[in-house]
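Protein chains get the first letters and strands the later ones, always in sequence-line order, with residue 1 at the start of each.
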Amino acid sequence: MRLPMVAELNGESDLRHRIRDLRFFEESFRKNVQLALPEGATRSKTDQARLRSSFLAWLESFQSTRHLANVDRKDFICFSAGSMLAELFRHNPLSVSSDTQSGDSASSVWPEGSAYVSYCLGVALTVLEQEFHLTAEIPEYANDPRIWQSFKENVRDNPDLAIPFLDMLLGQSPNWNEPSIAEKRPAVKEKSHPALGN
Amino acid sequence: MPKQRFPLPSTVEDLAAAPLVVKDALRGIRRKLGTITPNMRETGISGQTLPPLSPLALATALLNETRKIASIGEDIARDVLFRHRDEARLAAFANSGFGRHSHGPSDHQRHNFVSSRYAALKILAEHLSAKDPLIREQPIDTAYRALLERFVNESRTIHSQSDVNFDQIAISTVHLEKSGALKLTEPDAEAKSLNRLVFAALGLAESVLALSAHHSIEATLAALHLAADVMVLRKSAIGAIFDGFDPEAQLSAEYRLLAPPLTEA
C-alpha cells in the first residue's frame with residue numbers, strides 16, 4: 001500500500017484543521033492522485049463538482065459527530081477519515097484509464113479505490129502522529145489483491161463499509177453492522193458505558 | 001392586452017434613492033429593447049423585400065437608435081453618479097455588509113452596500129448562467145434601510161476575526177431575496193430556484209469574506225465564484241431552507257457550516 005502523501009501532509013503543522021479547508025482538501029487530493037497512481041495509468045480525471053460534493057457531505061457528517069472527539073479522540077480521528085473515504089466512494093470523483101493493466105497491486109486492481117484509501121489513510125496517519133505521536137503499522141494484507149477485490153464489491157453495495165475497512169488498516173475496532181453511526185463504534189460504547197465493556 | 005411597463009415605484013421615499021430609480025428604469029428599458037429583434041426585414045405578400053424607407057424599416061432604425069441612447073444613458077448614469085465599474089464596486093463588498101460591522105446611518109455605508117451588492121449580484125447571475133437578468137439597485141437600497149432599522153438595536157462591537165454575525169448575514173440574505181432586486185426571465189419554478197441560489201451565494205460569499213483578512217477585488221471575485229459553485233451543489237438543501245419553517249435561522253446554520261472551510265487561509 002503506497003502512502004505517498006504522508007511526508008508532505010506531515011509538513012502541515014496542524015493538519016486536523018487544514019483538512020477542513022476546501023482548497024487544501026482539493027489540492028492535496030489531486031496531488032495524492034498524481035503520486036499514488038500506478039505507472040500504467042496514463043489518464044486520470046478528477047471531477048471537481050463530485051470532489052466538492054464529497055467534501056461537503058463529509059463536512060456535514062464531521063460537524064454532526066465532532067462532539068464524540070471528547071469521548072475518544074483517537075477513535076474519532078479514525079472515524080472521520082473513514083467517513084471521508086465513504087463520501088469519496090459515494091461521489092466517486094476520480095476516473096482512471098490505463099493502456100495496460102500490469103501487476104497485481106491494489107492500485108493496479110482498482111486504481112480509483114486505492115487512490116481514495118491512500119489519501120484518507122495518509123490523512124489519518126498524519127493526524128494521529130501529530131496528535132498522539134503514534135506510528136501505525138499498516139498490516140500486510142493491505143497489499144493483498146483479494147482483499148481489494150472483496151472490498152471493491154462490498155463498498156459498491158454500501159460505501160459506508162469504507163469506514164470499518166479503514167479502521168482495520170489503522171488497527172481500530174471496526175463496526176461492520178452500523179458503520180456510519182459513530183455512537184455505536186466499539187471504542188465510543190466502551191468509553192460511554194465502561195461497565196458494559198467489561 | 002394591457003401595456004407592460006417597467007415597474008417604477010409610485011413614490012420615492014427619499015431623494016437619495018432617486019438616481020437609483022432612474023438607473024433601474026434605464027436598465028428596464030434596455031432589457032425591453034433587447035427582447036425585440038431589430039434586424040427584421042419587411043417582406044410583402046409576394047416575398048419581395050420592400051424599400052429600406054418603409055415604415056417598418058424606419059421603426060427598426062428608430063429602435064436601434066433608442067437602444068443605443070438607453071445604453072449610453074445607463075453608462076452616463078453609472079459614470080457620473082458612481083464613477084465605478086462593476087468590479088471596482090466590489091472593493092466595498094466585504095466591509096459593507098451586516099456580518100462584521102455595526103452600521104450607523106451613513107450615506108457612504110449605504111452607497112457601498114447598494115453598489116457592491118448590485119455588482120456582486122450581476123457577477124453571480126452571470127456565473128450561474130442566468131439568462132438576461134434584470135438587477136435593480138433601488139430594491140437593494142430599500143432593503144438596506146429596512147435592515148438597518150431592524151439591526152439598530154443589535155449593534156455590537158466586533159472583538160475578533162472569528163466573531164462574525166452569521167445571523168445578520170442570513171437575515172439580510174433572506175430580505176434581499178424577497179426584495180425584487182433580481183428579475184429573471186427563466187420559467188417560474190426555475191427562476192425561483194435560481195433566484196434563491198444567487199442570494200444564498202451572495203450571503204455565503206459575505207460570510208467567507210467576513211472570516212477572511214483578504215478583501216481585495218480578486219479575493220472578493222474568488223469568494224463569489226466559489227460560493228456560487230458550492231451553492232449549486234447544495235441546491236436541494238437551499239430549496240428546503242427557503243421553503244422551511246425558519247429560513248433565517250437555517251441559513252445562518254448553513255453559513256456557519258460552510259463559510260470556514262471556504263475561507264482562504
With sequence neighbours excluded, what pairs up with B:Ala222 under the side chain to side chain contact (heavy atoms under 4.5 Å, CB included) test?
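Partners of B:Ala222 under the side chain to side chain contact (heavy atoms under 4.5 Å, CB included) test: none.
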Could you work out, with salt bridge (charged side-chain N to carboxylate O under 4.0 Å, His left out) as the rule, every residue matching A:Glu178, not counting sequence neighbours?
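Checked A:Glu178 against salt bridge (charged side-chain N to carboxylate O under 4.0 Å, His left out); matches are A:Lys184.
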Residues two or more places apart in sequence or in another chain: which of them pass salt bridge (charged side-chain N to carboxylate O under 4.0 Å, His left out) with A:Lys45?
none
Side chain from CB out, backbone as N, CA, C, O: work out which of these in B:Leu257 comes under 4.5 Å of a heavy atom of chain A, or both, or neither.
both
Under a 3.5 Å distance rule, please check whether A:Glu183 uses its side chain to pair with a backbone N or O of A:Val188 as donor and acceptor.
no
Check: A:Ser150 side chain, A:Arg146 main-chain N or O, donor-acceptor pair, under 3.5 Å
no
Let me see the donor-acceptor pairs closer than 3.5 Å between chain A and chain B, or none if nothing turns up.
residue : atom : partner  : partner atom : Å
A:Leu22 : N    : B:Pro261 : O            : 2.7
A:Arg23 : NH1  : B:Leu262 : O            : 2.6
A:Arg52 : NH1  : B:Asp229 : OD2          : 3.4
A:Glu60 : OE1  : B:Arg234 : NH1          : 3.1
A:Glu60 : OE2  : B:Arg234 : NH2          : 3.4

Check each atom of A:Phe55 against the heavy atoms of chain B and say whether the ones under 4.5 Å are side chain, backbone, both or neither.
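Just its side chain gets close to chain B.
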To check you understand the geometry: which heavy-atom pair defines the closest contact between A:Phe29 and A:Pro93, and what is its length?
CZ-CG, 4.4 Å
A:Arg185 bridged to A:Asp72 by N-O distance under 4.0 Å
no
